[in-house]
Amino acid sequence: MREGRRLAGRYAVIWSAPGGAPGGARLGVVAAKRVFRRAVDRNRAKRLLREAFRLNRNALRRDVDVVLLARAAILEAGRAAVERDLLALAARARLLADGKEPELR
RNA sequence: CCGACGGGGCGAUCGGUCGCCCCGGUGACGCUUGCGUCGCCGGGGAGGAAAGUCCGGACUCCGCAGGGCGGGACGCUCCCGGAACCGUUUCGGCGGGACCGGGGGGCCCCUUUGCCAGAUCGAAGGGGACGGAAAGUGCCACAGAAAACAUACCGCCCGCCUUCGCGCCCGGGUUGGGCGCGGCAGGCCCCGGAAAACGGGGACGUGUCGCGUCAGAGCGGUGCGCCGAAGACGGGCAAGGGUGAAAAGGUGGUGUAAGAGACCACCGGACGGCGCCGCAAGGCGCGUCGCACGGCAAACCCCGUCCGGAGCAAGACCAAAUAGGGAACUGGAGGCAGCCCGCCUCAUUUCCGCGGCGCGCAAGCGCGGCGGGAGCAGUUCCGGGUAGGUCGCGUCAGAUGAAUGACCGACCUCCGCUUUGCGCGGAGGGACAGAAUCCGGCUUAUGACCUCCGUCGGUCAA
RNA sequence: GGGCGAUUAGCUCAGCUGGCUAGAGCACUACCUUGACAUGGUAGGGGUCACAGGUUCAAGUCCUGUAUCGCCCA
């Protein structure tokens, strides 16, 4: 991951590196204690990122590993907004599976 | 009835789909043959505070025969209930128990109010970390005379002394004054006279002088004074003054030089005296005391009860590499020979013991040999221990970076539109907040709803 | 997870066994010194003692709770 690519979005920062598993891309989530002081906020941030990743896992390339770092603004966002942010980031990082274009608006 | 605030309870509905963590079962695949990945079935999956870490306990290690010092925590009394846990047990129970809740009682403080007033008391409401201030030590700033074995600043009173004033008495009686008498002079009136000259008389009391008498200030007095003032000294008193958070009972009287519980009445108070009531904390009565002995112990401290220390990052087990420790065994290198025994050459730190050879008169020195120990080197083994791992943490959550989410529907709440209903649209299902060994307590944070309680406001009725 | 400590002026710190006006240095302001500046001198301003409650006649100090910051232990 130290050599991986990094891109920042509104609600998250994404790292990516070659890897992957038979089931598809693997995920790691990070919520820093400096950013989210309360444990309930850290859990909320990680759950939002995890859900957004799960719902869009098939849209991503299968041969990469991904780490998502939550940013402070994510607490104000809903699930759909986090999903859109994640897909936009994946597109910029060239992480989308071949032949599939995100439906960005 | 409504609203606000405080306190308490509760912190939450049903169904479906897709995912996550753990356990049990099962199947497929992969290979380092016991794990990994994926799937299916069944079960379980955050809180009242999981939080703060303020306490108590279980548990673990250290220590351990027992106790003390030091340090710390708690503190009215009685009853009932709950309680993690501990001890004991005949497994029914019994005893203890940090702490929590409820009720009754006592004591103290504050506010309001009622007593003529005051000390103080009663009532109502509220509050109390509520053992001891008569074991000891310490502190009580400023102000005030005095702040804790009370004191005497101002003040009140008495005595004495000094000075002064006032009054009285006495002495002295200047100038002057009043009264009386007298002399002289002057004016006025009357008579004589021509006359305003002169003479006589009269009244007046104008001036002056003398005598007598009366009063008499200033001044003086070792004088007197139920007079007064000031000051010094000696003594009595503690009522009044004012300061302060706090000043040694209150009111009225008697009394006194002045006063004071000095004495008296009533009220209040104290008692480590007695009696009675109450399980007790305490209360009441009697008696005694004219009534000195304040506050602070969330100051040191004393009394009673309790506590050994550290903490799951405790601790237990498995255990690589490297370095170091211990034990046992072996003793280097080369050549000859090669089945074994063996033989030759070179090298070999130090100590002890034994005997041998050589030199030397001797002490001793040198040479090589045997045995033992240490060191060194090698091999093997052992233990400690680091990285790492497993357990601790199994009990209906069980993680070594930590799992509970998303969507749909029902239902509910609120807002808007609509004449109501029906219906439509929108928002929301809410706050505080996420287990990390477990349990109990405390504290703090909290939306909606509920209603038990309290305070305040509004409206309605009586 | 567990065990501890601190908070006083803009900054760094004192403040004893509760009491007198909460002080010191740097910084800031004004004036003096200089042609001007630095330095120096004089004077001055600036404090919810982190917050809340309690004990006490009286709290920065004592007690309790809260908040924030920091340290240590595998």
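When reading the values below, keep in mind they use all heavy atoms of this one structure, side chains included, and skip hydrogens, waters and symmetry mates. First the proteins, then the strands, lettered A, B, ... as listed; each starts at 1.
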Could you measure between the two P atoms, the one in B/G6 and the one in B/U112, and give it in whole Å? 27 Å
Partner of B/C142 under the Watson-Crick or G-U wobble criteria, both distances under 3.5 Å, comes out as none
Practice problem: Sticking with atom C1', work out how far C/G60 lies from C/U21, rounded to a whole angstrom. | Solution: 15 Å
Paired to B/A239 by Watson-Crick or G-U wobble criteria (both distances under 3.5 Å) is none
Paired to B/C301 by Watson-Crick or G-U wobble criteria (both distances under 3.5 Å) is B/G132
pair_partner(B/G273), Watson-Crick or wobble, both distances < 3.5 Å, evaluates to B/C286
Under a 3.5 Å limit on both distances, the Watson-Crick or wobble mate of B/C381 is B/G326
- Task: Using the P atoms only, state how far B/A299 lies from C/C62, rounded to an integer number of Å.
- Result: 10 Å
Re B/G371: Watson-Crick or G-U wobble partner, both distances kept under 3.5 Å, found to be B/C352
Review point. On a whole-Å scale, what distance lies between the P atoms belonging to B/G332 and B/A327?
Key: 23 Å
- [ ] For B/C59 and B/C412, measure between their C1' atoms and round to the nearest Å.
- [x] 49 Å
Relative to its sugar, using the 90° cut-off around 0, the base of B/G48 is syn
Regarding B/G441, purine or pyrimidine glycosidic angle vs 90° from 0 gives anti
- Query: Are side-chain heavy atoms of A/R50 and A/R47 found at a separation under 4.5 Å?
  - Reply: yes
Listing time: all N or O pairs from protein to nucleotides 402-409 of chain B that are below 3.5 Å?
from, atom 1, to, atom 2, distance (Å)
B/U404, OP2, A/R47, NE, 3.0
B/U404, OP2, A/R47, NH2, 2.9
B/G405, N2, A/R54, NH2, 3.1
B/A406, OP1, A/R44, NH1, 2.9
B/A406, O3', A/R79, NE, 3.1
B/A406, O2', A/R79, NE, 2.8

Residues at least two apart in sequence or cross-chain that pass side-chain contact (heavy atoms from CB on, under 4.5 Å) with A/A12, listed by chain then number, are A/L49
B/A46 glycosidic conformation (syn if within 90° of 0, otherwise anti) is syn
When you compare B/G159 with B/G228, how far apart are their P atoms, in angstrom units rounded to a whole number?
11 Å
(Q) Do A/L89 and A/L68 make a side-chain contact, defined as non-hydrogen atoms from C-beta onward lying under 4.5 Å apart? (A) no
Problem - Spacing of the C1' atoms in B/A248 and B/G167 (rounded, Å) - result: 50 Å
B/A232 -> Watson-Crick or G-U wobble partner, both distances under 3.5 Å, gives none
If pairing means Watson-Crick or G-U wobble with both distances under 3.5 Å, then the partner of B/G223 is B/C168
Taking atom P in both B/C396 and B/G45, compute the distance separating them and give it to the nearest angstrom. 11 Å
